[in-house]
Amino acid sequence: MAITTIEAEGVHEWRARPNCSLNPFARRLLIGGVLFASLLVSGGFLIAGAWLVLPFAGVELAVLYIALRILDRRDQSSETVRLEGSRLSIVSHLPGRDIHHDFNTGWARLSLEADTATGPDPLICIRSHGRCCQVGHLMTPEQRYQFYADLSRRLRS
Amino acid sequence: MNTATHTLDHHDGHGHHPTGLMRWLTTTNHKDIGTMYLTFSLLMFFLGGAMILGVRAELFQPGLQLMKPEFFNQLIGVHALVMIFAALMPAATGFANWMIPLMIGAPDMALPRLNNWGFWLLPPAAMLLTMPFILALFGIGDGAVATGWTLYAPLSVQGGIGVDFAIFSIHILGISSIMGSINIIATILNMRAPGMTLMKMPLFCWGWLVTAVLLIITLPVLAGGVTMLLTDRHFGTHFFNAAGGGDPILFQHLFWFFGHPEVYILLLPVWGLMPHVLSTFTRKPIYGHTAQVWSFIAIGVLGLIVWAHHFLTAGLPVPALLYFMYSTMSISLPLAVLFFCWIATMWRGAMSFETPMLFAVGFIVLFGIAGLTGLVLADVAADAQYHHSYFVVAHFHYALFAGGIMGVMTGVYYWLPKWTGHMYSEKLGKLHFWLTVISFNFTFMPQFFLGLAGMPRRIPDYALQFAEFNAISTVGAFVLGLSQLIFAYNVWRCVKGGEKASDRVWEGTSGLEWELSSPPPHHSWDIQPVIKTS
């Protein structure tokens, strides 16, 4: 998981993305290559009379495709925290949900809170006026602690 | 505006993880799942070994002494299936689970839950395979599959319920392997640490990547083949019944299209491991990393197009015989590149012979014999003489025991201190090595001579002229089997405690996995490592 920090005049932005060493083109190439090889083999056996190879190859390719789609969706995820003047905005693109929150830095409160759905290590909660936004889904525990310390320091200053 | 990427040292994890039975049932941690695969593999190794000791006891002298021929055939068939699918493959998958994330700097496998399901399919599959033995004791059925692991039709069409159990077991094992393969492909391709290009990836991961692709391509063929067998047995189809317009040779094509790549599926992970071990104990960098990568790929591709050399005597047309002979022989080229690289890695190195290195050198020598005798069997004219003889049995045990199982033992001794945090007993390790190598050769070298003299395989009784070599082979097999208890004891002792292993364990190690503590934290790589480009 990589965290990129961008600093400009009066703006500080953290962007967390999952590490992904397979780009979309390579992913398509992989699927295409396996599809070609599987169809070649199962097509050959189909001609030889062993037609039952084809459905098994189809099911297997479908599972491979689904697995890579899941990874693809996961790799599209990002969490961006932007601190600009008195405005703290959080934009999260996570599988199945897109979240956008704006907080006033004067009112925003940070805390580390465990969430049973995401594991034993706590996520960072940003609260204000009864609203709560969790950040850190794409960070390792160590990165969360570091980000928490960094953001707290900047909010206080 | 400036952009920075955080890269920090790893730390020792947070220690939050489930304990007790639920840890093992529900775990998605790659190390836990790797441990379960390896434990399961060891148990199945002893089960399959016990079966074949029964066979060797029967073959100690001519005549039928201990068992009926039917039971003899069942032991041979289930021994092979257990050793291949339940011992050797899970051992390699255990290595993959433990080591691939550590080697590529990933916190876990890409699809951890799939990983858990993949493992937990194995015990029921193994039960299905062996259950007919127990059912037969209660008068249900006529025992386990007695067709040999190849399940050749029409014998398997006529066989008892053991064949059905074997078919369903193979299906479940296949699903497990597919899950594992998809996970390994996704992990290796998608979760490498930044900076780790494919050509910088450890050779063990390359070996497994090619293995996983081979599994994806070939397993549907086996699944289709055994399903057609099932429908021939119970639903009135005639895929393999010549009387009904079918073709029994089609089953051989289907089986060996999977079966031959399966040999590389079992061996490629080991071939990937060897350079790491040789490099460590010679204190030299791996020689010919790129050449070895391309050799793996070449072997994978060639392995897919040579299947019919397993039935050259089945009456194939002459052009097919010539094609399969020459294509099979061509595999020796990339394999020779691998041997050259392994030897070149050792050349003028500061070698030391700890147990993993002993096993690695033993592997190279004995697996070399498998390669050379494989060339003999690839020759159409020679194969007409040796096919279905003990020469074949000796050849594939030099490939799969000396190549596969001794390779797995190399890996276990090499990585055990990293996994457990303790050193194993070097004295017991060396004793295990020498007993294994000597008794292995006593077991299988005589089988070459038996095959050359014309003794057919899969027979419980034989002519008097084969008695001496069979007796030697049986004594060797029992020593070989018993010496594996030393291995099990050494592993158990190491898991329980012993001298503390350092993080790098061996002097000449290199690679990400050695940067972590021994044993590694429950959650490894909490901070993403970055590979420098220089």
Side-chain angles (χ1 to χ4, degrees), chain A residues 1-9 11 13-15 18-23 26-27 30 33-34 37-38 40-42 44-46 48-61 63-68 70-72 74-75 114 119-121 139-144 146-147 150, chain B residues 1-8 10-11 13-17 104-107 110-111 114 174-175 178-179 181-183 185-186 188-194 196-198 213 216-225 227-228 231 239 246-247 250-251 253-254 257 304 523 525-528 530:
Chain A
M1 283 138 221
I3 302 180
T4 310
T5 55
I6 300 169
E7 264 189 82
E9 241 176 81
V11 179
E13 189 178 289
W14 297 262
R15 178 171 294 171
N19 174 47
C20 166
S21 48
L22 187 71
N23 63 45
R27 189 170 292 143
L30 171 71
V34 175
S38 273
L40 195 69
V41 170
S42 47
F45 279 109
L46 177 72
W51 60 268
L52 261 168
V53 175
L54 193 61
F56 280 105
V59 170
E60 187 194 70
L61 283 170
V63 174
L64 178 66
Y65 177 76
I66 291 166
L68 291 175
I70 290 169
L71 288 183
D72 193 32
R74 199 186 293 170
D75 296 340
D121 293 302
M139 298 176 195
T140 62
E142 193 76 19
Q143 286 169 329
R144 279 179 211 160
Q146 189 174 349
F147 170 71
D150 198 12
Chain B
M1 187 179 282
N2 78 61
T3 304
T5 302
H6 292 198
T7 56
L8 297 171
H10 74 274
H11 73 125
H14 303 273
H16 304 296
H17 56 83
I104 63 171
L111 304 153
L114 195 73
I175 294 168
I178 293 288
M179 286 177 165
S181 301
I182 289 173
N183 215 347
I185 290 173
I188 288 176
L189 292 181
N190 202 44
M191 295 183 73
R192 277 169 290 128
M196 184 178 279
T197 59
L198 280 174
V213 172
I216 295 272
I217 294 171
T218 59
L219 270 171
V221 180
L222 179 70
T227 307
M228 288 155 71
T231 60
F239 287 112
D247 180 7
L250 177 62
F251 183 82
H253 282 286
L254 287 162
F257 189 85
L304 285 169
H523 299 290
W525 300 127
D526 266 355
I527 290 296
Q528 177 80 69
V530 176

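Naming: A, B, ... by sequence-line order, numbering from 1 per chain. Computed from a predicted structure; not experimentally measured.
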What residues, two or more places apart in sequence or in another chain, satisfy salt bridge (charged side-chain N to carboxylate O under 4.0 Å, His left out) together with A/Asp75?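 Checked A/Asp75 against salt bridge (charged side-chain N to carboxylate O under 4.0 Å, His left out); matches are A/Arg27.
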For A/Arg15, look at atom CZ and say whether over 12 heavy atoms of other residues, nucleotides or ligands are found less than 6.0 Å away. no
Testing the basics here: between [X] and [Y], what is the closest heavy-atom pair and its distance to 0.1 Å?
| X | Y | result |
| --- | --- | --- |
| B/Leu250 | A/Gly49 | CD2-C, 4.5 Å |
| B/Leu189 | A/Ser21 | O-OG, 2.8 Å |
| A/Ala67 | B/Leu111 | CB-CD1, 3.8 Å |
| A/Ala37 | B/Ile217 | CB-CD1, 3.7 Å |

According to the interplanar angle, ranging from 0 to 90°, do the rings of A/Phe45 and B/Phe257 count as parallel (below 30°), tilted (30 to 60°) or perpendicular (above 60°)? perpendicular
Counting heavy-atom pairs closer than 4.5 Å to chain B, which one of A/Leu68, A/Leu61, A/Val41, A/Val59 comes out on top?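 It is A/Val41.
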Flag the one option from A/Ala57, A/Pro55, A/Ala50, A/Gly58 with the top tally of heavy-atom pairs under 4.5 Å to chain B.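 Highest number of heavy-atom pairs under 4.5 Å: A/Ala50.
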Chain A contact via [X] - side chain, backbone, both or neither, heavy atoms under 4.5 Å:
| X | result |
| --- | --- |
| B/Ile178 | side chain |
| B/Phe251 | neither |
| B/Met191 | backbone |
| B/Ile216 | both |
| B/Ala106 | neither |

Distance from [X] atom [atom1] to [Y] atom [atom2], nearest 0.5 Å?
| X | Y | atom1 | atom2 | answer |
| --- | --- | --- | --- | --- |
| A/Ile66 | B/Ile182 | CD1 | CD1 | 9.0 Å |
| B/Arg192 | A/Leu22 | CZ | CG | 7.5 Å |
| B/Leu222 | A/Phe56 | CG | CZ | 9.5 Å |

What part of A/Val34 gets closer than 4.5 Å to chain B, counting heavy atoms only: side chain, backbone, both or neither? side chain
For a 4.5 angstrom cut-off between non-hydrogen side-chain atoms, does B/Ile185 reach A/Leu30? yes
